[in-house]
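Structure first, commentary second.
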Amino acid sequence: MDFLEKTRLVREKAMALGFSAVAIARAEKLEDDSNALNDWLENGNHGTMRWMEKEPEKRGDPTLLVEGAESVICFATNYFTPFQHPKKAKVSRYAWGDDYHLVIKSRLNEFCNWFREIDPLATTKACIDTVPILEKAWAQRAGLGWIGKHANLITRELGSWVFLSECVTTAKLVYDQPFEEDHCGTCTACIEACPTNAIIAERVVDSRKCISYATIELRSPALPEEIVRNLDGWLYGCDICQDVCPWNRFEKPSEETAFNPRPFNLNPNLLEIAALTQEEFSSRYRNSAIKRTKVSGLKRNAEALLNHRTPENGAQE
């Protein structure tokens with residue numbers, strides 16, 4: 001099978017499996033993006049996420065992930081569901097339904113197994129965000145979209161409500177053109193809307209100031225005071241910079257039912273969450289991305305919202 005036919009089948013199979021978009025880049029080192037990552041790390045913008053410091057050289061060079069890599073197949077999966085955030089206790093939209101790692105990993109593994117069947121001589125590796133790879137940079141290099149000023153990938157068709165994943169392979173394919181246009185233009189809506197000024201420069205986020213980082217990744221017993229003052233109901237994560245992005249007017253409901261909100265994620269009860277036991281937490285959030293923050297972190301966040309009452313985020317009964 002020649003690489004033209006193989007590429008056609010790759011695109012066809014990706015869409016048949018339920019990916020929202022697929023594009024392909026030549027596997028080569030992303031020099032500028034790798035340098036930007038190193039600067040970001042050196043400035044401490046990753047906060048306590050020490051795993052970001054491990055093997056940073058692999059993130060921009062797929063040949064270090066897969067020896068002899070020729071192609072990076074990039075996938076986007078729409079996760080938008082047409083529901084509104086409540087005022088008192090909000091969960092980031094990406095965590096409303098089932099854990100995307102599980103949903104995407106299953107789909108991606110099925111794709112990679114299929115690819116090994118049509119090209120048994122190729123080495124193929126499935127990548128989601130637990131693998132050291134610059135997902136947004138590769139998505140842009142493949143032509144899926146551009147990285148917005150809020151540092152999220154934006155697609156013209158779906159906005160920024162997409163999960164990214166990749167298949168790195170030694171097979172040669174037809175490559176798409178990189179997405180070189182910056183369609184953010186002069187818009188700074190995301191920068192201006194961030195209540196903690198976490199977007200310290202265009203496309204640069206200081207995690208230490210970010211509500212999403214604080215409520216998910218930070219393992220301290222208490223949230224920083226600056227975060228608490230600006231929570232505005234955010235219990236887990238934060239979607240402000242995406243909610244205000246004009247490109248998200250093109251959002252479309254996802255066809256993946258696994259991303260539909262679980263009722264207790266769409267309208268969480270803070271008093272109930274603050275009283276959760278480990279057993280209740282494990283049962284309620286089984287196969288949910290919210291398990292990431294652990295029971296202690298979620299209870300900490302709920303207590304911060306309950307103790308810092310305003311007319312908008314007053315305690316739920």
Sorted by chain and number, sequence neighbours left out, side chain to side chain donor-acceptor pair (under 3.5 Å) with S282 holds for Q278

Please list, one pair per line, the donor and acceptor atoms closer than 3.5 Å that link side chains of residues 190-202 to other protein atoms, with sequence neighbours excluded.
unit_1 : atom_1 : unit_2 : atom_2 : d
E192   : OE2    : T188   : OG1    : 2.5
T196   : OG1    : K209   : O      : 2.5

Between the CE atom in M15 and the CZ atom in F75, the distance rounded to the nearest 0.5 Å is 10.5 Å

Would you call D176 and R11 a side-chain contact if the rule is heavy atoms closer than 4.5 Å?
yes

salt_bridge(E256, R107) N-O dist < 4.0 Å:
yes

Residues at least two apart in sequence or cross-chain that pass side chain to side chain donor-acceptor pair (under 3.5 Å) with E226, listed by chain then number, are R229, N230

Below 4.0 angstrom, N of the basic side chain to O of the carboxylate: do D98 and R262 qualify? yes

(message) Looking at K252 and E157, is there a salt bridge between them, counting it only when a charged N and a carboxylate O are closer than 4.0 Å?
(response) no

Taken in chain and number order and not counting sequence neighbours, the residues that satisfy side chain to side chain donor-acceptor pair (under 3.5 Å) with R300 are none

Residues passing the salt bridge (charged side-chain N to carboxylate O under 4.0 Å, His left out) test with E217, sequence neighbours excluded, are R292

Could you give the side-chain donor-acceptor pairs of residues 178-185 under 3.5 Å, partners two or more places apart or in another chain?
unit_1 : atom_1 : unit_2 : atom_2 : d
D182   : OD1    : C184   : N      : 3.0
D182   : OD1    : R203   : NH2    : 3.0
D182   : OD2    : R203   : NH2    : 2.8

When the side chains of residues 2-9 are checked against the rest of the protein, which donor-acceptor pairs come out under 3.5 Å, sequence neighbours left out?
unit_1 : atom_1 : unit_2 : atom_2 : d
D2     : OD1    : L4     : N      : 3.2
D2     : OD1    : E5     : N      : 2.8
E5     : OE1    : R8     : NE     : 3.1
E5     : OE2    : R8     : NH2    : 2.7
K6     : NZ     : D119   : OD2    : 2.7
T7     : OG1    : F3     : O      : 2.7
T7     : OG1    : V174   : N      : 2.9
R8     : NH1    : E12    : OE2    : 3.1

Here the ring-ring contact (aromatic ring centres under 6.0 Å, His included) pairs for residues 187-246, sequence neighbours left out, are H85-W234

Residues at least two apart in sequence or cross-chain that pass side chain to side chain donor-acceptor pair (under 3.5 Å) with S160, listed by chain then number, are Q242, N248

Sorted by chain and residue number, the salt bridge (charged side-chain N to carboxylate O under 4.0 Å, His left out) partners of R59 (sequence neighbours excluded) come out as none

Notebook entry, point to check: Would R93 and E251 pass as an ion pair if we require N to O under 4.0 Å?
Noted result: no

Q: Would you check if the side chain of R26 reaches a backbone N or O of Y175 as a donor-acceptor pair within less than 3.5 Å?
A: no

### Message
For D239 and S92, which I'm curious about, is there any donor-acceptor pair between the side chains at under 3.5 Å?
### Response
yes

With sequence neighbours left out, the residues meeting ring-ring contact (aromatic ring centres under 6.0 Å, His included) with F83 are none

Besides L102, the hydrophobic cluster formed by Ile, Leu, Val, Met, Phe, Trp and Tyr side chains linked at under 4.5 Å, directly or via other members, contains none

